[in-house]
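Chain identifiers are assigned alphabetically (A, B, ...) following the order of the sequence lines, protein sequences preceding nucleic acid strands; residue numbering begins at 1 within each chain.
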Number of protein chains: 2
Amino acid sequence: MIASRPARPDPASVLEDRGYRLTGPRRSVIRLLDRKEEGFSAEDICEELPGVGRATVYRTIRLLLDAGVLCKLALPDGAPKYSLARVEHHHHTFCVTCGNVGEFRDTTIERLLRTIGADIAGEIVGHRMEFYIVCRACLEAPER
Amino acid sequence: MIASRPARPDPASVLEDRGYRLTGPRRSVIRLLDRKEEGFSAEDICEELPGVGRATVYRTIRLLLDAGVLCKLALPDGAPKYSLARVEHHHHTFCVTCGNVGEFRDTTIERLLRTIGADIAGEIVGHRMEFYIVCRACLEAPER
DNA sequence: CGATCATATGATACTTAGTCTCATCTTTTA
DNA sequence: TAAAAGATGAGACTAAGTATCATATGATCG
């Protein structure tokens with residue numbers, strides 16, 4: 001068995017399940033996203049797929065976000081990056097050096113949410129949590 | 001003693017301490033921000049201060065962000081909101097109903113950060129954490 | 001198979017959030 | 001009070017994303 005990775009929902013099937021057509025442009029976008037490990041911007045996709053219209057790229061991204069198979073995260077300065085979701089509910093690490101996006105689940109966080117829920121004057125309806133890191137590879141990489 | 005609030009660094013003094021001039025436009029911006037409890041956008045400020053140029057509003061906001069006396073947070077859809085900082089290091093709650101911004105410190109979070117630090121393959125250099133809530137007042141408010 | 005009709009697409013205009021430029025205006029300081 | 005440093009405002013520009021609308025695609029039915 002080769003380097004197994006946690007199962008990742010297939011974006012194409014997810015779109016179909018939701019009643020959307022699996023068209024040429026959508027396939028192109030999904031195929032490209034699927035190959036990306038680093039966080040990417042919508043404009044990256046537009047540039048790499050000159051045959052697909054900008055509006056369609058943004059529309060497809062929105063469908064995938066709504067379906068929960070794509071995540072939108074914010075860099076420290078607020079700039080948006082996207083990353084395909086690999087596991088169900090998770091949070092992100094973003095390497096500020098190489099742009100790699102990691103996912104992690106930590107039960108401490110779920111506990112934290114409950115603890116905070118008791119502290120906060122109101123009802124928690126959502127949250128956002130991102131960790132900016134320098135990943136192992138970048139820490140170990142010889143300066144270049 | 002009247003409803004004491006945690007000490008808040010004075011934005012004007014902070015700017016002066018950093019060697020910036022305390023000019024008329026900057027005073028206007030700071031005076032306005034100081035009165036705002038809800039999260040506000042930069043354009044809100046521009047509209048409420050027609051005598052101050054847009055560029056100056058954004059520049060002042062940036063100075064205050066850099067100085068750490070103003071916080072920039074992101075709504076669930078990523079839209080930016082600002083809020084004056086009241087305490088040193090904290091996280092935010094944003095009421096999705098009324099827009100009120102709360103701050104809180106919870107030692108669970110600091111512990112969480114250490115725990116996660118051990119899990120993550122790399123070095124944490126920053127983080128972002130926001131909780132979207134419906135605040136007590138909105139929960140209790142009669143539907144309108 | 002082919003007509004029909006909902007759906008999707010792409011070009012383009014627009015919006016929002018913010019930065020940049022540069023000539024002018026204030027402050028500070030000498 | 002003149003010179004230099006710093007701040008301002010008008011407006012052009014950029015980035016990220018949405019809206020509009022005429023055209024193209026593709027699923028389904030006869």
May I ask you to say what B/K72 touches in the nucleic acid, namely base, sugar-phosphate or nothing, with a heavy-atom cut-off under 4.0 Å?
sugar-phosphate
Separation of D/dT18 P from A/D66 CG (nearest whole Å):
10 Å
Between the side chains of A/K36 and A/E48, is the shortest nitrogen-to-carboxylate-oxygen separation below 4.0 Å, so that they form an ion pair?
yes
Given atom CD of B/E47 and atom P of C/dT15, what is their separation to the nearest angstrom?
14 Å
Classify A/R59 by what it touches in the nucleic acid, base, sugar-phosphate, or nothing, heavy-atom distance under 4.0 Å.
base
What's the CZ-P distance between A/R54 and C/dC14, to the nearest Å?
15 Å
Phosphate OP1/OP2 of C/dA11 contacted by A/Y58 side-chain N/O (<4.0 Å)
no
Within the 6.0 Å centroid threshold, strictly below: A/H91 and B/H127
no
Are any of B/T23's side-chain N or O atoms less than 4.0 Å away from OP1 or OP2 of D/dT8?
yes
Base, sugar-phosphate, or nothing: which does A/G19 touch, judged by heavy atoms less than 4.0 Å apart?
nothing
Give the rounded distance in Å between these two atoms: CG of B/D44 and P of C/dT16.
12 Å
In this structure, how many angstroms lie between the P atom of D/dG6 and the CG atom of B/L63, rounded?
13 Å
Could you check how far CG of B/L64 sits from P of C/dG18, rounded to whole Å?
14 Å
Check whether any side-chain N or O of A/Y20 sits under 4.0 Å from OP1 or OP2 of D/dT25, and answer yes or no.
no
For C/dT9 and A/R26 - does any side-chain N or O of the residue sit under 4.0 Å from the phosphate oxygens OP1/OP2?
yes
Basic-acidic side-chain contact under 4.0 Å: B/R54, B/E43:
yes
Of the nucleotides D/dT25, C/dA11, C/dT26, which has the atom closest to the A/R21 side chain?
D/dT25
Nearest of D/dT8, C/dA17, D/dA10 to any side-chain atom of B/P25?
D/dT8
Can A/E37 and A/R86 be counted as an ion pair, charged N to O under 4.0 angstrom?
yes
Grab the CG-C1' distance between A/L73 and D/dA16 for me, whole Å please.
15 Å
Here the pair of heavy atoms bringing A/L75 nearest to B/R128 is O-NH2, 2.8 Å
Whole-Å gap separating P (C/dT16) and CD1 (B/I45)
17 Å
